[in-house]
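Since the structure comes first, as structure tokens, the remarks are kept for the end.
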Amino acid sequence: MYDVIVIGGGHAGCEAALAASRIGARTLQLNLYLDNTALMPCNPSIGGAAKGHLVREVSALGGEQARAADASTLLVRWLNTSKGVAVRALRAQCDPYVYAKYYTKKLRNAANLHVHQDEAAALIVQNGRAVGVRTRLDSVYYAKAIVLCGGTYLKGRVHIGDKSWESGPMGQNCSRDLSRSLEAAGLRLSRLRTDTTPRLKLDTIDTRELEPQENSDGERFDVFNEFCDSGYANEISEFRSELKFSNYSCWYGHTTKETADIIKSELHRSPLSTGRLGSKGPRYCPSIEDKIIRFPEKESHPIFFEPISMHSREVYVQNFSTSLPYDVQERMVRTLPGCKNAEILRPGYGIEYDVIPPEQLKSTLETKTIRGFFSAGQVNCTSGYEEAAAQGLLAGANAALMALSRDDEQIILSRKEAYLGVLVDDLVTKGTDEPYRMFTSRCEHRLLLRHDNAARRLAAKARKAGLLDEERYSFLQSKFAAEDNEIERLKTTRVNPSDALNSFLASSGAPAAREAALLADLLRRQGMTYNGLCELYPPDAGKELSRESALFVEAEIRYSGYIERQERMAARLDNVDKIIIPDGLYLELETIPLLSESRQKLKRFRPETLGQATRISGVTPADIQLLAVAIDAKRRRAVK
């Protein structure tokens, strides 16, 4: 008898099990194969636009994905640095063996957690409540709450050309029986698919024909990376000591016209074309044959060559996933730059699997039809390790709080509190018929949900639930106090013009200061940075900020007007169901700069109110804002 049972050992399953056990629930994690804990079957990278925000939020909520990434990072880069602080995000190429080793150690040493290798074959439901799991070996485990983190394993089926067979990712066992049990319990299932790329042998690639990518070494995901207790420092260094950076690099290139010609000539052999792959794949991470079909006018597409690990010579070709026959994959690969003599170590493939359409879930990730049964990760129709980990933590925490009779303390995040709140709200209110991927464009309050303020937004909730211990929460409180004191100094300290100040302003192309000004106002000037300001007007000794705190302070000061505007907008959007969309506006949709998917869905469903539009899958929150502006403008024109 357990408090919580977690089914699955992937990114969602690991975070769910660790969250439940950390809160104090006696937890069992059932894993098909223990050696595949936290497996990275696709690209071994963490983060990216919006996804990096999710990783940061997992860290702020006490999760482990950020630390696992930091412990295994081979190459890390800031993305979207030219687009503003709201969408600035980290992306790290990770060593999957070190990443998995980190999670395995965490699971093995977690209090209240029992990890066991077996296949969950049936869900036991009594009087509409999940009470246990029967395994393939006929063991029966009971619990007060159960979390399904099935990934792509439920009735998984791999496709390569005209060959297909039952399988999980990368040749692993799939789960054959659990789907039948879930349907018998009243859940509706459907099928989705995802694809992966051929893996190449590094020694057979001429990297001189490729463009190397820069590394921003030293950047970290974890909000506690500046927490200087010796245990944490040793924990990370223990894993990073296994990595050797002197010979590691990633490269950038493009497919060629010859690549496209081969794919076009062989499309009739693709399971996509033959109809054997009838399920939908990811819209925003399509296979290379998907791209050729959808964008026939393009002769090339960007690709990235990313070595898997310091412990192998295997290279992942990002943006080149395929399920074409193996002989076609060989020909395609050898048309790529530097790949004239390249050898394939593992062929690319498509994989179909069962999912739970997420409109059947509550905002806690508990299913609406089965009390005490939660679901998280790719089985909820999402894609990506980051979306999975974030859901896993939320579902595991809420399952534990339910099991411990703390239902009223369950964590529900709003759209203005977290990217995780946006993710869950999109899933449960709009549903999806394709793998859902997190984007900054899905978030209407993204200036409020920055990388640098994740801990401020979420740490208090994590502490209340028991996901953060007092020591680390106190560290954050001290950090917040130092940042607030510095913001107050900048807002209240007035300085007179000086030669040094005007020289600095001139060097950045800004006009000279001609009268006394607050430091905060100087920081808002073009070209001024917090670090530059501190060279001229430093804080008192001992009150210097860390690099991360400096980024937060700079964002809060520089964007204060925009932040206040978004806060007001967040309050107004609470009443969007009262806003009527004029019929005539549908004739003007082409004049509004909407995403094509949003425009198509609005034309198809023709919602009566803006609130209805927000719940249509595929209409992004950013486009809802544009629609609201258009409605307001049309009303003002009508009044005139």
Side-chain angles (χ1 to χ4, degrees), residues 40-48 72-77 79 91-97 160-161 170 195-217 243-267 270 285-293 295-350:
M40 289 177 144
C42 290
N43 189 1
S45 68
I46 294 294
S72 58
T73 293
L74 295 168
L75 182 147
V76 62
R77 302 176 66 211
L79 305 183
R91 180 184 185 273
Q93 197 69 22
C94 298
D95 187 309
Y97 306 110
I160 302 177
M170 295 186 71
D195 310 283
T196 190
T197 78
R199 315 293 181 92
L200 309 183
K201 186 176 181 181
L202 179 59
D203 300 320
T204 64
I205 301 173
D206 186 354
T207 58
R208 294 172 297 180
E209 297 184 23
L210 303 170
E211 182 179 340
Q213 288 189 286
E214 296 181 359
N215 185 13
S216 303
D217 191 27
L243 305 176
K244 301 175 183 178
F245 297 96
S246 59
N247 297 321
Y248 188 84
S249 183
C250 293
W251 299 273
Y252 172 75
H254 283 83
T255 62
T256 64
K257 183 179 182 301
E258 290 73 22
T259 316
D261 288 342
I262 290 173
I263 293 172
K264 289 175 183 177
S265 68
E266 299 290 352
L267 274 175
S270 166
C285 190
S287 66
I288 189 64
E289 55 263 40
D290 269 333
K291 294 178 184 178
I292 297 301
I293 294 171
F295 309 106
E297 73 284 359
K298 290 193 174 183
E299 292 188 352
S300 69
H301 297 271
I303 52 174
F304 299 86
F305 295 82
E306 299 169 332
I308 295 292
S309 169
M310 297 306 301
H311 302 280
S312 77
R313 306 299 289 168
E314 188 174 343
V315 176
Y316 186 96
V317 189
Q318 173 75 346
N319 292 348
F320 201 68
S321 60
T322 182
S323 56
L324 282 164
Y326 179 63
D327 64 288
V328 180
Q329 292 186 35
E330 286 189 307
R331 292 162 55 201
M332 289 161 48
V333 162
R334 288 173 182 166
T335 65
L336 303 179
C339 295
K340 181 179 179 180
N341 299 308
E343 296 178 13
I344 295 177
L345 290 175
R346 307 178 199 245
Y349 61 86

Decide side-chain contact (heavy atoms from CB on, under 4.5 Å) for Met332 and Ile263; before the verdict, give the C-alpha distance in whole Å, the side-chain angles of both, and the deciding distance to 0.1 Å. CA-CA 7 Å; Met332 289 161 48; Ile263 293 172; 3.9 Å; yes
Before giving the answer on side-chain contact (heavy atoms from CB on, under 4.5 Å), spell out for Tyr316 and Arg199 the whole-Å C-alpha distance, their side-chain angles and the decisive distance to 0.1 Å. CA-CA 5 Å; Tyr316 186 96; Arg199 315 293 181 92; 3.4 Å; yes
CA sep, side-chain torsions, deciding dist, call: Glu306, Arg91, salt bridge (Lys or Arg N to Asp or Glu O under 4.0 Å): CA-CA 13 Å; Glu306 299 169 332; Arg91 180 184 185 273; 3.3 Å; yes
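Cation-pi geometry between Lys298 and Phe295 is met: the NZ or CZ atom falls under 6.0 Å from the ring centre, inside 45° of the normal.
Between Cys94 and Ser45 there is no side-chain heavy-atom pair separated by less than 4.5 Å. Two residues are said to be in side-chain contact when any heavy atoms from C-beta on lie closer than 4.5 Å; Tyr326 and Pro198 fail this criterion. In this structure, the side chains of Phe305 and Ile205 come closer than 4.5 Å at one or more pairs of heavy atoms. Contact of the Leu200 side chain with the Ile344 side chain is registered, since non-hydrogen atoms from C-beta on lie closer than 4.5 Å. By the 4.5 Å heavy-atom criterion applied to side chains, Tyr252 and Pro212 are not counted as neighbours. Residues Glu266 and Pro325 have side chains not in contact (no heavy-atom distance under 4.5 Å, counting atoms from C-beta outward). Gln93 places a side-chain heavy atom less than 4.5 Å from the side chain of Asn43. Inter-residue side-chain proximity for Tyr97 and Met310 is flagged as unmet; no heavy-atom pair is nearer than 4.5 Å.
Panel note: side chain Thr322, backbone Leu324; a donor-acceptor pair is recorded below 3.5 Å. Using modelled atom types, one side-chain atom of Thr256 and one backbone atom of Thr259 make a donor-acceptor pair closer than 3.5 Å. With hydrogens and angles disregarded, no donor-acceptor distance shorter than 3.5 Å links the side chain of Gln318 to the backbone of Phe304. No side-chain donor-acceptor contact under 3.5 Å links Thr73 to the backbone of Val76. Between the side chain of Tyr349 and the backbone N or O of Met170 there is at least one donor-acceptor pair closer than 3.5 Å. Side-chain atoms of Arg334 do not come within 3.5 Å of backbone N or O of Asn341 as any donor-acceptor pair. Counting only distance, with no hydrogens or angles, the side chain of Asn319 and the backbone of Pro302 share a donor-acceptor pair below 3.5 Å. Judged by distance alone, with hydrogens and angles left aside, the side-chain atoms of Glu289 form a donor-acceptor pair with the main-chain N or O of Ser323 at under 3.5 Å.
Surrounding NZ of Lys201 are at most 12 heavy atoms belonging to other residues, nucleotides or ligands under 6.0 Å away.
Within the structure, the salt bridge (Lys or Arg N to Asp or Glu O under 4.0 Å) test picks out the following pairs touching residues 248-260 (sequence neighbours left out): Lys257-Asp261.
Scanning all heavy atoms of the two residues, the minimum distance from Leu210 to Pro337 falls at CD2-O, 3.5 Å. The two residues Ile160 and Gln329 have their closest heavy-atom pair at CG2-NE2, 3.9 Å. Ala342 and Val333 get closest at one heavy-atom pair: CB-CG1, 3.8 Å. Residues Lys264 and Ile292 come closest through the heavy atom pair CG-CG2, 3.6 Å. Of all heavy-atom pairs between Asp195 and Ser287, the closest is OD2-CB, 3.9 Å. In plain terms, the two heavy atoms of His301 and Ile288 that are nearest each other are CD2-CD1, 4.3 Å.
Separation of atoms CG (Leu202) and OG (Ser312) is listed at 8.5 Å; rounding is to 0.5 Å. Taken to the nearest 0.5 Å, the CD atom of Glu330 stands 11.0 Å off from the CD1 atom of Ile262. Within the model, atoms SG of Cys250 and CD of Glu211 stand 12.5 Å from one another, a figure rounded to the nearest 0.5 Å. Ile303 CD1 to Thr255 OG1: the interatomic distance, rounded to the nearest 0.5 Å, is 6.5 Å.
Side-chain atoms of Ser309 and Glu314 form no donor-acceptor pair, as typed in the model, at a separation below 3.5 Å.
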